[in-house]
Student: 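First the structure, then my questions, so here it is.
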2 protein chains.
Amino acid sequence: MRTLPEGMREKVLAAAELIADHGLDATKMEDIAATTGVPKATLYYYFEGKEDILAFLFTEILDEVGRAVDNAMRTNGTAADRLRAVVVAQLRVVEAYPAASRALQFDLGRAARTPLIDEQVESAYRRPLRRLLEEGVDDGSLRPVEHPGLVATAVLGAVATAGINAIAAGPRRSADEVAGDIVALVIDGVGA
Amino acid sequence: MRTLPEGMREKVLAAAELIADHGLDATKMEDIAATTGVPKATLYYYFEGKEDILAFLFTEILDEVGRAVDNAMRTNGTAADRLRAVVVAQLRVVEAYPAASRALQFDLGRAARTPLIDEQVESAYRRPLRRLLEEGVDDGSLRPVEHPGLVATAVLGAVATAGINAIAAGPRRSADEVAGDIVALVIDGVGA
DNA sequence: ATGAGTTTAGACTCCGAGTACAGATCTGTC
DNA sequence: GACAGATCTGTACTCGGAGTCTAAACTCAT
């Protein structure tokens, strides 16, 4: 993928909606050209193909998540406090990029097969969560778990699934409205 | 889709592995024919097309989840007890159908866009969870949450994501090994 | 004005989904 | 056994869309 010129980024981001609605394979290059306003030949000049466009969209949103999570990790307070902040940060990105988030969930499988994307998911989502779980044991704000990696994956699944299906789709709630329940689930569970 | 004759079901289930590995669109009808041993013309005799085969796979696994969850719901004990049983039941199905589970996650978007499949996800996963959350408030075993539907989605996301990525893929742990951490997360959270 | 990089239209190749159909094989019925 | 109908399968076909190629137009620095 060539580096995009001024303005091209925003145009191409508009393809997210299309892809989220129909899935990548049902989306024709012609359609992407039509909705983004970037001619097909130009798309092929900048991107390797359809998958590359999808990878670009994912990279954009995962970069954003990475930055937001990084900031949340830097706040001071207990690990539990930072865990709350990380979850809220992730939900806010879903709110900011609803179409790309939906596309990401829908074409997750493809995403996971691209090593670069996979690594981004790892570093933006799973690794920080896992680190927090470990730090929380040290500072006493979180309880120890048997498999931290597994629990990190579960938390990621909970936040992403709920976020996407309640914010970017379905009831279209705000991130803040959703955050309470999700944070409470992660920290306290649903037990009485 | 015509009703399948004796033995055809098992053969076609073998396609799950293929689809889970490469995704549906990268999987050629010829490939499915080759790995299942069912000739392409015969596949088209029984199924409308590729999507129909995928829908069949999803329906099979979702039926299974539906049955397992149903049984778990029928056990006696508090809502919290049954919630534990439901989560374990869902993890066991992932363990029993790893390839189909991976395929489901891989082509999640397609599943969500197919009304019949979507309804099955709803009735096998989300509705029971939501009902348990409500019953748990009544019997005092679970705490009330603001949006039960949202929390049900989050729990589904946690269980499915962790199950698929730790049982059907990645570390390939057993359902029982994974269940402890996941159940604990859902009921008690990770807070100290 | 020249040349390098960018942008685009349009025509082309190639692959794979799905179709058509005819022949083969199986199943029951008289 | 012979026939009718359904089931099964090989082969040849159409058609749409991904990606390629080329050449022309346009931009912009020197």
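To find a chain, count down the sequence lines: A is the first, B the second, and so on, and within it residues start at 1.
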Student: Checking A:N76 against A:R82 for the side chain to side chain contact (heavy atoms under 4.5 Å, CB included) test, could you report, in this order, the C-alpha distance in whole Å, the side-chain angles of both residues, the deciding distance, and whether it holds?
Tutor: CA-CA 7 Å; A:N76 39 22; A:R82 276 174 292 146; over 6 Å; no
Student: Return the CG to CZ distance between B:L108 and B:F58, rounded to the nearest 0.5 Å.
Tutor: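 Output value for this atom pair is 8.0 Å.
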Student: Which comes earlier along DNA chain C counting from the 5' end, the contact point of A:P39 or that of B:K50, where each point is its nearest nucleotide?
Tutor: A:P39
Student: Side-chain N or O of A:Y44 versus OP1/OP2 of D:dT20: is the shortest distance under 4.0 Å?
Tutor: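 No, because none of the side-chain N or O atoms of A:Y44 sits under 4.0 Å from OP1 or OP2 of D:dT20.
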Student: Mapping B:A41 and B:Y45 to their closest nucleotides on DNA chain D, which lands nearer the 5' end?
Tutor: B:Y45
Student: Measure across B:A154 and A:A162 and return the closest heavy-atom pair with its distance rounded to 0.1 Å.
Tutor: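 The pair with the smallest heavy-atom distance is CB-CB, 3.7 Å.
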Student: Kindly indicate whether a cation-pi arrangement holds for B:R2 with B:Y45, taking the cut-offs as under 6.0 Å to the six-membered ring centre and within 45° of the axis.
Tutor: yes
Student: Give, ordered by number, those residues of residues 1-36 of chain B having at least one heavy-atom distance below 4.0 Å to an atom of DNA chain C; if nothing qualifies, reply none.
Tutor: B:T27, B:K28, B:M29
Student: Please report the interatomic distance CD(B:Q105) to CD(A:Q105), rounded to the nearest 0.5 Å.
Tutor: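 Spacing of CD (B:Q105) from CD (A:Q105) equals 9.5 Å.
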Student: By the 4.0 Å heavy-atom rule, please label B:K40 as base, sugar-phosphate, or nothing.
Tutor: base
Student: Just the rounded figure in Å: distance from P of D:dA18 to CG of A:L54.
Tutor: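 Atom-to-atom, A:L54 to D:dA18, this comes out as 14 Å.
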Student: Looking at every non-hydrogen atom in both residues, tell me the closest pair between A:T27 and A:L18 and how far apart they are.
Tutor: CG2-CD2, 3.7 Å
